[in-house]
Protein chains: 2
Amino acid sequence: MISFDAFKPTDGTPIYQQILLYIERGAVAGTIRDGDELPSRRVLSALLGINPNTVQKAFHLLEEEDLIESQAGAKSVMKIDEEKIRKLRENLLREDIRSITGALRQMGISREEAIRLIGQYWDEE
Amino acid sequence: MISFDAFKPTDGTPIYQQILLYIERGAVAGTIRDGDELPSRRVLSALLGINPNTVQKAFHLLEEEDLIESQAGAKSVMKIDEEKIRKLRENLLREDIRSITGALRQMGISREEAIRLIGQYWDEE
DNA sequence: TTGACTGTATTATATGGCTAGTACAGTTGG
DNA sequence: CCAACTGTACTAGCCATATAATACAGTCAA
């Protein structure tokens with residue numbers, strides 16, 4: 001059963017998107033594996049203190065991305081292989097890193113300073 | 001007059017926030033300076049193809065942050081000094097970099113790989 | 001088998017972002 | 001002076017996000 005202990009929702013981004021990202025990043029990290037069971041919509045919504053429909057929206061999108069498999073009556077399970085994870089990793093990395101390099105460039109920060117800053121902030125958590 | 005030629009709105013983030021960030025990052029970069037005139041709400045909204053109220057919302061927030069000064073009838077002007085810019089830079093950097101380090105960590109990426117990836121993507125633009 | 005769980009679907013309401021249109025008072029330049 | 005600009009304010013509508021309540025059919029374990 002996939003754990004959501006490490007899921008800390010932020011405001012600003014839609015919750016259903018954060019759930020989506022949590023699953024996708026877990027798959028890339030290898031902490032979420034093929035065949036793993038997801039909590040039911042009702043259980044997870046109660047756990048996170050949000051509406052079941054919001055969880056359903058996230059799971060429905062995972063279904064459309066073909067990352068999970070659902071059938072009425074049974075829990076949804078992860079359906080991922082090496083190839084899907086490889087593409088996922090590439091897409092998530094590109095999206096995330098593009099945004100930060102764009103932001104730093106707009107602030108007039110050089111490549112060297114950017115690298116120094118990432119290293120500095122990496123340790124401050 | 002501050003130019004918005006480099007302003008390329010993305011969808012996903014509210015437009016008024018992107019305008020806010022564009023001004024703030026420009027101030028940090030030094031391309032936007034104290035005393036610089038901002039385009040009028042009507043002119044800028046026409047230029048960006050958005051609603052005047054959306055620009056007004058962004059400018060109103062800049063007013064609340066004490067980064068611009070507005071008076072009815074006249075154009076708004078930048079009102080920034082070294083100290084404001086220093087704080088702005090610190091806050092924007094912390095916010096931006098925290099989000100990327102958090103995302104990379106969730107994907108199980110090491111500090112060294114993170115730095116390598118930033119350097120790699122930096123050149124690919 | 002059967003009761004408690006599961007996924008799925010529907011309708012309704014509230015809020016925030018964005019658009020559209022209108023209005024009014026202050027300034028600026030010819 | 002005054003016409004054209006400026007900032008500011010307001011109402012109304014649309015769409016996405018999130019909530020709330022309910023319903024129904026399929027799965028699964030005791």
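Chain letters run A, B, ... following the sequence lines, proteins first, then strands; residues in each count from 1.
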To the nearest Å, give me how far apart CZ (A/F59) and P (C/dT6) are. 11 Å
To the nearest angstrom, how far is B/D11 atom CG from D/dT17 atom C1'? 16 Å
Report the distance from atom CZ of A/R42 to atom P of D/dT19, rounded to the nearest whole Å. 16 Å
Would you mind reading off the distance between A/K75 atom NZ and C/dT8 atom C1', rounded to a whole angstrom? 17 Å
State whether a side-chain donor-acceptor pair under 3.5 Å links A/S76 with A/R41. yes
To the nearest 0.5 Å, how far apart are CG in B/L20 and CD in B/E65? 5.0 Å
With a 4.5 Å limit on heavy-atom distance, are the side chains of A/L93 and B/M107 in contact? yes
Separation of C/dT19 atom P from B/L44 atom CG, nearest Å, is 12 Å
OP1 or OP2 of C/dC18 versus the side-chain N and O atoms of B/Y16: is any pair under 4.0 Å? no
Comparing A/A74 with A/N53, nearest DNA chain C nucleotide closer to 5' gives the residue A/A74
Starting at CD1 of A/I15 and ending at C1' of C/dT15, how long is that distance when rounded to a whole Å? 13 Å
4.5 Å side-chain heavy-atom contact, B/S70 and B/F59: no
Give a yes/no on whether any side-chain N or O of A/K57 is located under 4.0 angstrom from OP1 or OP2 of D/dT17. yes
Look at all strands and tell whether B/V43 reaches a base, only sugar-phosphate, or nothing, counting heavy atoms closer than 4.0 Å. sugar-phosphate
Does a nitrogen or oxygen in the side chain of A/Q71 sit under 4.0 Å from OP1 or OP2 of C/dT6? no
A/N51 CG - C/dA9 C1' separation (whole Å): 14 Å
Atom NE2 of B/H60 to atom C1' of C/dG17: distance rounded to whole Å? 15 Å
Kindly say if B/R41 contacts the phosphate of D/dT8, meaning a side-chain N or O under 4.0 Å from OP1 or OP2. yes
If the cut-off is 4.0 Å, is A/T54 near the phosphate of D/dT19, judged by side-chain N/O to OP1 or OP2? yes
Could you tell me whether the phosphate oxygens of C/dG7, OP1 or OP2, come under 4.0 Å of any side-chain nitrogen or oxygen in A/Q56? no
Residue pair A/P14/B/A72 against DNA chain D: nearer the 5' end by closest nucleotide is B/A72
Check: B/Q18/B/T13 side-chain N/O donor and acceptor closer than 3.5 Å: no
